[in-house]
Structures are given as structure tokens and as C-alpha cells.
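Down below is the structure, laid out as C-alpha cells.
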Amino acid sequence: MAKKNKIQRPKARRPRGFEDKSSDILRSEARLIEAAFSVYDANGFEPLQTPAFEYADVLGKFLPDEDRPNVGVFALRDDDEQWMALRYDLTAPLARFVAENYDALAKPYRRYQAGSVFRNEKPGPGRFREFVQCDADSVGAPGAAADTEMIMLAADVMKAVGLETGGYVIRVNNRKLLDGILEASGVPNTEEGAIQRLKVLRAIDKLDRLGADGVAALLGEGREDESGDYTEGAKLNAAGVKAVLGFTTASATDRGDTMNTLASLVGSSSAGQAGVDELKMIDAILGACDYGPDRVVFDTSIVRGLGYYTGPVFEAELLADIKDKKGRPVRIGSVGGGGRYDDLVSRFRGQAVPATGFSFGVSRFASALARLNPEQQGESAPVIICAFDRELMGEYFKMAAELRAAGIRAEVFVGAGNVAKQLKYADRRGAKLAVLMGSDELERGEVTIKDLVLGAEMAKAISDNKEWRENKDMQRSCKRDQFVATIKEMSA
RNA sequence: GCCGCCUUAGCUCAGUAGGUUAGAGCGCCGGUUUGUGGAACCGGAGGUCCUUGGUUCGAGACCAAGAGGCGGUACCA
């Protein structure tokens with residue numbers, strides 16, 4: 001019982017929903033961002049970086065005289081008592097930036113940005129409280145041409161990350177169409193109908209998960225799930241439910257067919273007609289640039305859950321290589337999305353500032369890509385130069401520099417321990433080659449290079465330690481001035 | 001927020017009916033081997049048994065509350 005008095009140590013742990021990212025993940029995410037940035041840059045977009053903190057009201061949060069900030073954001077009070085919060089997306093900060101620098105910016109202002117965003121919500125599998133988004137937006141362009149540009153950009157990013165045509169699809173819809181349908185069903189296209197419209201959007205968003213029946217319940221009175229939780233419905237009448245569900249299944253593979261169907265569906269609604277007209281414009285530009293239905297389709301079942309979209313909306317989806325029974329590619333999910341949001345900037349200025357953009361979740365996209373190509377691996381481990389003799393450290397670093405100059409990743413062992421330790425380190429790092437140069441080699445003017453992969457292979461056939469240690473077949477020596485060339489040869 | 005499951009070593013888990021000093025495998029560190037990563041053998045470190053309270057002569061085990069984790073559902077401006 002009389003345990004020795006233990007020092008109270010802090011427990012090494014991280015807050016839930018916040019992740020440490022390993023080198024492999026970091027490298028694949030960096031490649032993804034680089035590919036996207038190069039597409040945006042080539043299209044004339046400019047990079048922008050905004051701070052992680054914004055004033056809470058800028059983010060669209062009202063924090064009246066409350067001690068606790070609203071849930072959903074990480075907020076704190078500055079020393080002047082003002083509420084600041086970590087950004088939860090990159091769009092609200094962009095709206096602030098544009099409004100703040102409006103006169104100095106050439107419109108349309110088109111920028112791209114990647115960075116961490118923060119959401120104070122319950123984390124789940126694949127859902128974190130900090131995650132990286134990569135956005136491109138176009139502010140100040142009212143027409144569907146700007147939306148089409150974003151759609152083509154999204155398709156180009158898919159291509160730039162190495163996806164073949166058929167491996168992805170951009171699905172396009174238009175909020176105005178649904179507004180038109182709802183208007184015809186008695187939901188006014190005004191402020192009063194906003195909450196109801198949002199409920200409709202969220203219900204449609206759950207189509208793939210709940211099926212038509214579940215969505216019908218959510219569009220009507222409401223729905224109770226298996227755990228007994230009740231979700232209030234959008235309270236549409238039976239005809240409304242039918243109209244909305246009919247709309248979500250109205251799209252076909254051919255964009256022209258879809259437009260014809262929709263034109264008859266929206267009838268005389270002005271919002272609906274405007275939506276169809278925009279799709280026509282989008283289709284015309286896509287057609288001229290050869291973005292066929294194998295890359296971009298019109299799909300009335302995608303809506304995006306957010307309330308701030310006002311016009312065309314779209315999602316980028318990865319299609320797995322596997323086909324379902326009917327021979328169609330299986331959906332593995334949306335990796336990004338975007339759309340038109342005409343009211344976000346005008347919040348700050350009281351003057352119309354139309355905007356449209358595209359955003360993808362970097363981690364989700366990167367891990368989906370990794371699932372598609374598991375064989376694609378990251379950076380190869382560096383050549384490890386063992387610190388055999390501490391007197392020769394200068395020479396070791398010089399050798400490492402020579403390797404780097406030849407484009408080979410290399411490092412000198414700077415830790416503690418004998419050669420056995422150092423080789424064990426090299427092994428753990430996954431290095432293919434280790435360089436050994438001690439007094440023997442120095443005398444002969446040579447360098448010993450050990451092939452660790454070959455050594456591991458040979459070890460399988462050897463069970464005796466003495467034999468294993470004396471076996472030198474996995475290593476070779478070369479003259480000091482042949483060093484870099486030999487490494488090159490052996491790493492091939 | 002609501003519902004369910006779970007919590008013993010770094011990891012995966014065992015722990016007999018409530019009974020001294022809480023175990024195993026893997027991993028880690030060291031040695032056999034101070035110029036060679038594997039294997040084998042030997043040794044070692046590492047635990048507030050999630051926390052608090054209760055029942056009991058006695059709790060890792062039984063009871064209660066709380067915390068944390070996992071899953072589902074809702075929310076996600």
C-alpha cells in the first residue's frame with residue numbers, strides 16, 4: 001500500500017475532435033492543396049490569407065449580453081470586451097475582407113485560400129473540431145458565367161489531383177428551382193418562408209440516408225427515429241411533399257432532357273423560370289468547353305444544407321471504380337461543394353454584392369483519394385549517414401550535403417548511441433540505405449553503404465545471430481569520390 | 001441535445017464466487033553482441049484497475065452519481 005510518493009504529472013492528451021496529423025497524411029493533403037492552388041492560380045485567382053480569429057458579429061453570430069458565447073463556435077472575449085471567435089469557414093472571413101477593402105479591390109475579386117476552420121460541435125468519425133478547408137470564390141460577379149467558372153474549376157481540380165474522367169462528377173442544381181416549386185406549393189419566397197425552406201433543404205439532404213419515405217415524413221409533419229428522437233417536419237401539405245419529391249427525381253443524365261423536364265415542372269413561377277434560364281447558360285458554356293455529362297451533370301437531388309445559397313449550387317463527388325448491379329459507378333460521397341451566395345457580403349454594405357464559390361474539405365478529400373489509390377505512397381525515407389566516429393562529424397555533414405545537391409534526401413545521425421542503435425534507427429525510419437564510414441574506411445579512402453531492405457530480405461533465411469552479423473552481402477564499399485553515384489545506383 | 005454500449009500497462013485483453021503482493025501477449029528499454037538493423041534467449045521499466053461516494057471485516061469485481069470514449073440521431077449559422 002505504501003506506494004512511493006508519485007510526482008503529479010500532467011497527462012499527455014489532446015482535446016477530442018482535434019487531431020495530430022502524421023507525415024503521410026500531411027504530405028498527401030499538401031499535394032492536394034498544391035494541385036488545387038495551381039488550378040486556381042492558372043485561372044487568374046489570387047491567394048489570400050485571413051486570420052483564424054474574427055469578431056463574432058462578422059461571423060454572423062450575435063452575442064448579446066451573455067456570459068457564454070453561442071455553441072458552435074470557439075469564442076473568447078478580447079481585452080476590450082469584444083467577442084472574438086475562431087472562424088468556422090473561410091467564406092464569412094472573405095465577405096468581411098471584401099467589405100473592408102471594397103474600394104481597393106478590382107471586381108470581380110477572385111481569390112483562393114486554404115486553412116484550418118474550427119467548429120465547437122460534437123466530433124464523430126471523420127468529423128473534427130478543427131479541419132482544413134480549401135476555397136476559391138468569386139465576389140462581385142452576378143451572372144451564371146461566374147458560377148459556371150466555379151463549376152469548371154471544381155472539375156479541373158478533380159482532374160488535377162489525378163482522377164480520370166468517370167472517377168468523379170460535378171452535380172449541379174439551382175436553389176431558384178426549388179424556390180419556384182415551393183412557391184407553387186404555398187411556401188412564400190420571402191423572409192417568412194425562410195425557416196420552412198431550410199427545413200425542406202435539410203430533408204432533401206437526407207435522401208440518400210433515409211430514403212423517399214423518411215424524407216416525405218420530414219417534409220410533412222415530422223419523423224421519429226429509432227432512438228425515439230423526434231424531428232419536426234417542414235409541414236408541407238400532401239401536394240407539396242409530392243411536388244418536392246418529384247422535383248428531386250426530375251433529373252436525367254442528359255442535361256438537355258433535364259432542362260426540358262424542369263421547365264415544365266416550375267410552370268409559371270418567376271423564380272423557377274430564372275433557375276432554368278441559369279441552367280441553360282451554364283449548359284451552353286460547359287458545352288462550348290467540352291465539359292460533357294461524364295464530368296458535369298444537372299442533379300436535382302443535391303441541395304446543400306446551408307441556408308445562405310441563393311442560386312446555382314453544386315457538389316463534387318468521387319465515384320469509386322466499382323460498379324453496382326446496373327453497371328453504374330458506386331457513389332462514395334461528396335468531397336466538396338459550392339454555390340452562389342448573393343447576400344453574404346451585402347450584410348456589411350447594404351448594397352448588392354453577388355458572390356459564388358467552391359470549397360472542399362482537405363482531409364476528407366485526401367483520405368478518399370488514399371482509399372482509391374492505396375498503393376500511392378509518400379516521400380521515401382532519407383539516406384541515413386551514421387555517426388560512426390564523432391571526430392568525423394564534419395565529413396558526415398559534407399557527405400549529406402553532396403547527396404542533397406544530387407536531389408537525394410539525406411540526414412546525418414545526430415542522436416546518441418553506437419552503430420547498432422543507429423542502424424536500428426535507420427531501420428525504424430524505413431530508410432533503404434545507411435552510410436557507414438569509420439576509421440577503416442577512412443584509411444582506405446572508402447565509404448560503406450548498407451542496403452537495409454536487402455538485409456531484411458536476407459535475414460529471413462538466417463537464424464543464427466553470428467552468421468547474420470558477419471554476413472556483409474547486403475553492403476558494399478566504394479571510393480569516397482564515387483559515393484554519390486553509388487548511392488544513386490543502389491537506391492534505384 | 002437525445003438514445004444505447006463501453007472504461008484494468010503504450011496497444012489488445014484476462015482477472016475465477018467479493019479475499020494477501022492485479023496478470024498475459026505484443027510493444028518499449030537494457031544485456032548476451034563497444035564495427036553492423038533481423039531472430040533467439042535473459043533481464044527491466046511501465047498501473048490513482050476512469051473519478052467520487054456507498055455497501056462490506058475486506059471492492060478491480062457489487063450499488064449510485066459524475067467524467068471520458070465509442071456508435072446512432074439531431075444541430076452545423
Side-chain angles (χ1 to χ4, degrees), chain A residues 1-9 11-13 15-17 56-63 70-73 85 87-89 91-92 95 117-125 127 129 131 194-195 198-199 201-203 205-206 209-210 214 218 222-232 304-309 341 343-344 347 384 386-389 413 417-442 448-475:
Chain A
M1 248 352 183
K3 285 256 167 81
K4 52 192 169 188
N5 291 339
K6 290 202 71 170
I7 309 156
Q8 199 54 276
R9 292 195 175 88
K11 188 171 181 191
R13 65 209 173 105
R16 67 203 171 102
D57 58 347
V58 163
L59 294 178
K61 265 298 172 199
F62 305 97
L63 300 168
N70 285 12
V71 288
V73 292
R87 62 188 176 201
Y88 56 81
D89 68 16
T91 310
V117 301
F118 305 84
R119 295 190 185 178
N120 195 1
E121 296 162 359
K122 180 191 159 189
R127 288 175 63 98
R129 294 203 287 177
F131 57 98
I195 294 165
L198 196 56
K199 279 188 171 161
L201 293 176
R202 289 176 188 160
D205 222 16
K206 295 180 174 63
R209 202 150 44 80
L210 301 180
L218 284 174
R223 176 178 178 275
E224 186 177 316
D225 67 45
E226 308 83 59
S227 63
D229 208 9
Y230 186 75
T231 309
E232 188 85 347
R304 311 241 79 210
L306 299 182
Y308 61 63
Y309 289 117
Y341 50 97
D343 303 327
L344 238 47
R347 231 161 49 79
I384 308 290
C386 293
F388 217 127
D389 182 342
F413 184 82
N418 57 21
V419 180
K421 279 255 177 52
Q422 301 189 23
L423 285 170
K424 194 166 183 171
Y425 167 81
D427 196 36
R428 243 189 210 201
R429 287 295 307 275
K432 175 170 165 58
L433 299 178
V435 174
L436 299 166
M437 191 184 71
S439 49
D440 295 359
E441 284 85 355
L442 192 66
T448 297
I449 302 160
K450 180 160 180 147
D451 186 327
L452 296 170
V453 175
L454 182 60
E457 196 58 40
M458 294 170 73
K460 290 175 186 165
I462 303 174
S463 60
D464 176 66
N465 184 252
K466 194 175 163 76
E467 187 190 343
W468 158 245
R469 292 182 64 137
E470 284 171 359
N471 182 4
K472 297 280 154 53
D473 292 347
M474 76 293 278
Q475 66 188 45

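A, B, ... follow the sequence lines: proteins, then strands. Residue 1 opens every chain.
- For rA77(B), the base is stacked against the aromatic ring of Y88(A), per a cut-off of 5.5 Å between centres and 30° between planes.
- Each of L452(A), D451(A), L454(A) was scored for a side chain to side chain contact (heavy atoms under 4.5 Å, CB included) with K432(A), with one residue passing: D451(A).
- Of the P atoms belonging to rG37(B) and rG31(B), the separation is 12 Å, rounded to the nearest Å.
- For L423(A), taking side-chain heavy atoms from C-beta onward, the closest of the listed nucleotides rG35(B), rU36(B), rA39(B) is rU36(B).
- Residue S463(A) is classed as a base contact, given a heavy-atom separation below 4.0 Å to a base.
- Going from atom CG of L433(A) over to atom C1' of rU36(B) covers 15 Å, rounded to whole Å.
- Between the side chain of R119(A) and the backbone N or O of Y88(A) there is at least one donor-acceptor pair closer than 3.5 Å.
- Only the P atoms considered, rG18(B) is 27 Å distant from rG25(B), to the nearest whole Å.
- Side-chain atoms of K450(A) and base atoms of rG35(B) include no donor and acceptor less than 3.5 Å apart.
- Remark: the backbone N or O of I462(A) is not paired with any side-chain donor or acceptor of E467(A) at under 3.5 angstrom.
- In this model, the phosphate group of rU36(B) is not approached by any side-chain N or O of W468(A) to a distance below 4.0 Å at OP1 or OP2.
- Here, rC50(B) and rG27(B) have their P atoms 26 Å apart, quoted to the whole Å.
- Figure legend. rC75(B) is base-paired to no nucleotide; pairs are counted as Watson-Crick or G-U wobble with both atom distances under 3.5 Å.
- Across the strands present, rC41(B) finds its partner in rG31(B); the criterion is a Watson-Crick or G-U wobble pair with both atom distances under 3.5 angstrom.
- The CG atom of D89(A) sits 19 Å away from the P atom of rC75(B) (whole-angstrom rounding).
- Contact annotation: R428(A) side-chain N/O to rC28(B) OP1/OP2 distance is under 4.0 Å.
- In summary, the side chains of T448(A) and Q475(A) do not present any donor paired with an acceptor at a separation below 3.5 Å, with no hydrogens or angles considered.
- Annotation: rA17(B) and rC11(B) have their P atoms spaced 28 Å apart (nearest Å).
- Going from atom CG of N471(A) over to atom P of rU36(B) covers 13 Å, rounded to whole Å.
- Where K421(A) and G455(A) meet RNA chain B, the nucleotide closest to each residue was compared, and K421(A) sits on the side nearer the 5' end.
- At a cut-off of 3.5 angstrom, counting only N and O atoms as typed in the model, there is a donor on one side and an acceptor on the other between the side-chain of K122(A) and the base of rU73(B).
- Minimum heavy-atom separation, L59(A) to A92(A): CD2-CB, 4.0 Å.
- Considering only the side chain of L210(A), rA74(B) comes nearest among rU36(B), rA74(B), rC75(B).
- Residue F388(A) is in base contact, counting any heavy-atom pair closer than 4.0 Å across all strands shown.
- Residue A426(A) is classed as having no contact, given no heavy-atom separation below 4.0 Å to the nucleic acid.
- rG25(B) is paired with rC11(B) under the criterion used here, namely a Watson-Crick or G-U wobble arrangement in which both key atom distances are under 3.5 Å.
- M437(A) comes within 4.0 angstrom of nothing in the nucleic acid, heavy atoms only.
- Comparing the C1' positions of rA9(B) and rU48(B) gives an interatomic distance of 14 Å, to the nearest angstrom.
- The side-chain heavy atoms of V419(A) and F388(A), taken from C-beta on, include a pair separated by under 4.5 Å.
- Residue contacts shown for Q475(A) include a base, since a base heavy atom lies under 4.0 Å away.
- Counting only distance, with no hydrogens or angles, the side chain of R304(A) and the backbone of L201(A) share no donor-acceptor pair below 3.5 Å.
- Put simply, the side chain of E441(A) and the base of rG35(B) share a donor and an acceptor less than 3.5 Å apart.
- Between the side chain of R469(A) and the base of rU36(B) there is no donor-acceptor pair of N/O atoms closer than 3.5 Å.
- rC49(B) and rA40(B): their C1' atoms are spaced 34 Å apart (whole Å).
- Nucleotide rA39(B) holds its P atom 17 Å from the CE atom of M458(A), rounded to whole Å.
- One can place CD of E467(A) at 12 Å from C1' of rG38(B), the figure rounded to the nearest angstrom.
- At the heavy-atom level, R87(A) lies nowhere under 4.0 Å from the strands shown.
- In this entry rG4(B) has rC70(B) as its Watson-Crick or G-U wobble partner, both defining distances falling under 3.5 Å.
- Rounding to whole angstrom units, CG of residue D440(A) and P of rG35(B) are separated by 10 Å.
- Closest to the side chain of L436(A), from the set rG37(B), rU36(B), rC75(B), is rU36(B).
- Judged by distance alone, with hydrogens and angles left aside, Q422(A) brings no side-chain donor or acceptor close enough to the base of rU36(B) to form a pair under 3.5 Å.
- Using P as the reference atom, rU32(B) and rG69(B) are 45 Å apart when rounded to the nearest Å.
- Between rA74(B) and rC3(B), the two P atoms lie 16 Å apart (nearest whole Å).
- As the counterpart of rU52(B), rA64(B) is assigned, both hydrogen-bonding distances of the Watson-Crick or G-U wobble pattern falling under 3.5 Å.
- Of the candidates rA77(B), rG37(B), rC75(B), the closest approach to any side-chain atom of D427(A) belongs to rG37(B).
- Side-chain N or O atoms of N471(A) include none that pairs as donor or acceptor with a backbone N or O of M474(A) at under 3.5 Å.
- Here Q422(A) contributes atom CD and I384(A) contributes atom CD1; the two are 9.5 Å apart, rounded to the nearest 0.5 Å.
- The distance between atom CG of N465(A) and atom P of rG31(B), rounded to the nearest whole Å, is 14 Å.
- Distance from the side chain of K206(A) is smallest for rA74(B) among the nucleotides rU33(B), rA74(B), rG37(B).
- Rounded to whole Å, atom P of rA77(B) lies 11 Å from atom CG of L201(A).
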